[in-house]
Asker: 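Have a look at this one before I ask anything.
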Amino acid sequence: MSEIESEETKNNTSENRSECGKVFLAATPIGNMGDASARLINLLETADIVAAEDTRRLYDLANRLGVHVVGRVVAYHDHNERNKADGLLDEVEQGAKVLVVSDAGMPTINDPGLAIVRRAIERGLPVTCAPGPSAVLDALALSGLPTDRFCYEGFLPRKSGERQQHLRSLRAERRTIVFYEAPHRIAEAMEDVLAVLGPNRPMALCRELTKDFEEIRRGSVQSIRDGVLEDPPRGEIVLVIGGANDDEVREESTDLSVEALAELAINCAETEGLRIKEAITKVVREHPFADGSFAHRKQVYEAVLKRKGDVQE
């Protein structure tokens, strides 16, 4: 056996030992099967338990990759992940290799997986990732917009009022912003993006990433919105929007007094059904001072109590 072969055998043996009794989060292809990593294939073949968001899609993926899944397959999705996390971790404690996969992309990123990660951390059990395809990073890289600083906001809210409120909270965000959106809501979403962020910000609409009909539409918010109305996009959509410029940040950085924040918090608690402390936290975070600092929540809370006392009197 050569020195290189000996070293590879040593590394493989060490890796196999380290993989025993561990949770693995593995990224699956978001469209192109050629993006499946050798590590994903190995984990599918060797895992004792495969926790899949959709078991039918898992077996379809395995068939397309020519992989035989020998481990026990369990459904692990948004509706049961909290209840199943501890049971799966009990198996890890007994030495099982548990693989967690979603339908596409990386688990925990708008997909199940976070519950088992948190519980594994709490229980002191090992958890690791087999990284791979990500629609967020693919869209960001292809957008042509700054990538050194960005924020991922998941799916936009479904209702227009909530969507606009969420977009308003991001008007002073300097980083590139990444959203997911469904094709049946894209027209309404773009109307709200235009209404809140204005027509001139640069953006990209990315659809069907890595698939045969991949398309990247780049331009201003106005041009993308017009294109959506003229030629409605189909398939999975990622929106990438440029961050605020200096003028936009200045417009959004007017300092609010503690009393004004208290007023907003009271209204927020009533309209959104939040506890007053939760509403204060939300309002304070959404209204930073010009220097980027935040109001003291305790002072806002005291102002809320004073306001409520004045109203009662």
Side-chain angles (χ1 to χ4, degrees), residues 78-79 82 108-110 114-115 117-119 121-122 149-182 185 188-201 203 221 225 239-313:
D78 288 331
H79 303 295
R82 290 185 179 179
T108 77
I109 309 300
N110 269 102
L114 184 58
V117 172
R118 286 179 169 172
R119 287 297 293 139
I121 294 170
E122 290 169 359
R149 298 179 68 234
F150 71 94
C151 62
Y152 169 59
E153 293 290 320
F155 278 94
L156 283 165
R158 298 187 178 192
K159 296 181 179 179
S160 179
E162 295 175 359
R163 189 162 54 233
Q164 288 199 23
Q165 181 178 353
H166 186 62
L167 289 167
R168 282 196 300 270
S169 73
L170 294 168
R171 281 191 296 200
E173 175 59 68
R174 289 182 179 274
R175 296 171 295 179
T176 300
I177 310 169
V178 185
F179 297 105
Y180 282 161
E181 191 50 278
R185 290 197 301 266
E188 295 177 357
M190 283 307 306
E191 293 289 357
D192 288 338
V193 170
L194 176 62
V196 175
L197 299 182
N200 299 320
R201 286 206 194 190
M203 71 169 294
V221 166
R225 175 264 188 187
L239 301 177
V240 187
I241 304 175
N245 58 34
D246 290 341
D247 291 337
E248 290 169 321
V249 171
R250 279 192 291 270
E251 289 176 5
E252 293 298 316
S253 296
T254 302
D255 288 358
L256 295 180
S257 66
V258 169
E259 289 72 22
L261 291 171
E263 172 92 15
L264 288 175
I266 293 171
N267 293 335
C268 179
E270 293 175 350
T271 58
E272 298 187 30
L274 300 175
R275 293 185 302 173
I276 191 63
K277 288 187 176 180
E278 294 174 337
I280 289 172
T281 297
K282 184 174 188 296
V283 166
V284 167
R285 286 179 177 173
E286 291 179 356
H287 296 84
F289 293 146
D291 64 356
S293 64
F294 295 94
H296 290 290
R297 286 177 293 180
K298 183 177 179 180
Q299 293 177 348
V300 179
Y301 183 66
E302 291 172 351
V304 168
L305 295 180
K306 183 177 185 302
R307 181 174 178 78
K308 287 187 174 182
D310 292 342
V311 170
Q312 291 174 355
E313 293 176 359

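Each residue takes its place number in the sequence, starting with 1.
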Asker: Kindly determine whether Val300 and Phe294 satisfy side-chain contact (heavy atoms from CB on, under 4.5 Å), including the steps that lead there.
Answerer: CA-CA 11 Å; Val300 179; Phe294 295 94; over 6 Å; no
Asker: Could you check His296 against Val284 for side-chain contact (heavy atoms from CB on, under 4.5 Å), going step by step and ending with a plain yes or no?
Answerer: CA-CA 8 Å; His296 290 290; Val284 167; over 6 Å; no
Asker: Can a salt bridge be assigned to the pair Glu181 and Arg185 using a cut-off of 4.0 Å between side-chain N and carboxylate O?
Answerer: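 Answer for the salt bridge query: yes.
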Asker: Within a strict 4.5 Å, meaning less than it, do heavy atoms of the Met190 and Leu239 side chains meet?
Answerer: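 Met190 reaches Leu239 side chain to side chain.
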Asker: Let me confirm one number: the CD1-CG distance from Ile266 to Leu261, rounded to the nearest 0.5 Å.
Answerer: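 Reported value, rounded in 0.5 Å steps: 11.5 Å.
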Asker: If every non-hydrogen atom of Ala172 is compared with every non-hydrogen atom of Val249, which pair is closest and at what distance?
Answerer: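 Closest approach of Ala172 to Val249, heavy atoms only: O-CG2, 3.7 Å.
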Asker: Go through the structure and list residues passing side-chain hydrogen bond (donor to acceptor under 3.5 Å, both in side chains) with Glu153, not counting sequence neighbours.
Answerer: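 side-chain hydrogen bond (donor to acceptor under 3.5 Å, both in side chains) list for Glu153, sorted by chain: His166.
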Asker: Could you work out, with salt bridge (charged side-chain N to carboxylate O under 4.0 Å, His left out) as the rule, every residue matching Arg149, not counting sequence neighbours?
Answerer: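 If we apply the salt bridge (charged side-chain N to carboxylate O under 4.0 Å, His left out) test to Arg149, skipping adjacent residues, there are no hits.
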Asker: Check the pair Glu278 / Thr281 against side-chain contact (heavy atoms from CB on, under 4.5 Å), numbers first and verdict last.
Answerer: CA-CA 5 Å; Glu278 294 174 337; Thr281 297; 5.7 Å; no
Asker: Rounded at 0.5 Å granularity, tell me how far CD1 in Ile177 sits from CZ in Arg175.
Answerer: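 Ile177 CD1 to Arg175 CZ: 8.5 Å, rounded to 0.5 Å.
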Asker: Let me confirm one number: the CD-OG distance from Gln299 to Ser257, rounded to the nearest 0.5 Å.
Answerer: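 Spacing of CD (Gln299) from OG (Ser257) equals 11.5 Å.
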Asker: So which heavy atom on Glu173 is nearest to which on Cys151, and how close?
Answerer: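 Closest approach of Glu173 to Cys151, heavy atoms only: CG-SG, 3.9 Å.
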Asker: Would you indicate whether Arg297, at its atom CZ, is surrounded by more than 12 heavy atoms from other residues, nucleotides or ligands within a distance under 6.0 Å?
Answerer: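 No - once you tally the heavy atoms of other residues, nucleotides and ligands closer than 6.0 Å, there are 12 at most.
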Asker: Test side-chain contact (heavy atoms from CB on, under 4.5 Å) on Leu156 and Leu167; report intermediate values, then the result.
Answerer: CA-CA 9 Å; Leu156 283 165; Leu167 289 167; 4.0 Å; yes
Asker: Applying side chain to side chain contact (heavy atoms under 4.5 Å, CB included), can you list everything that pairs with Ile121, at least two apart in sequence or on another chain?
Answerer: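 Result, side chain to side chain contact (heavy atoms under 4.5 Å, CB included) vs Ile121: Val117.
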Asker: How close do Leu194 and Pro199 get, counting heavy atoms only, and between which atoms?
Answerer: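 Minimum heavy-atom contact is CD1-CA, 3.5 Å.
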Asker: Donor-acceptor check, side chain of Arg174 to backbone of Gly243, threshold 3.5 angstrom: yes or no?
Answerer: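 No, because the side chain of Arg174 does not come within donor-acceptor range (under 3.5 Å) of the backbone of Gly243.
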Asker: Glu188: which residues meet the side-chain hydrogen bond (donor to acceptor under 3.5 Å, both in side chains) condition with it, sequence neighbours left out?
Answerer: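 Glu188: no side-chain hydrogen bond (donor to acceptor under 3.5 Å, both in side chains) contacts found.
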Asker: Can you name the residues that form a ring pair (Phe, Tyr, Trp, His ring centres under 6.0 Å) with Tyr152, not counting sequence neighbours?
Answerer: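 Applying ring pair (Phe, Tyr, Trp, His ring centres under 6.0 Å) to Tyr152 gives Tyr180.
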Asker: Can you name the closest pair of heavy atoms from Asp192 and Ser160 and give their distance?
Answerer: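 Nearest pair, atom of Asp192 first, then Ser160: OD2-OG, 3.0 Å.
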Asker: For Glu259, what residues pass the side-chain hydrogen bond (donor to acceptor under 3.5 Å, both in side chains) criterion, not counting sequence neighbours?
Answerer: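 With sequence neighbours excluded, Glu259 shows a side-chain hydrogen bond (donor to acceptor under 3.5 Å, both in side chains) to no residue whatsoever.
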Asker: How close do Arg171 and Arg201 get, counting heavy atoms only, and between which atoms?
Answerer: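 Nearest pair, atom of Arg171 first, then Arg201: O-NH2, 2.8 Å.
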Asker: Looking at Ala265 and Ile276, what are the two nearest heavy atoms and their distance?
Answerer: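 Heavy atoms of Ala265 and Ile276 come nearest at O-CD1, 3.9 Å.
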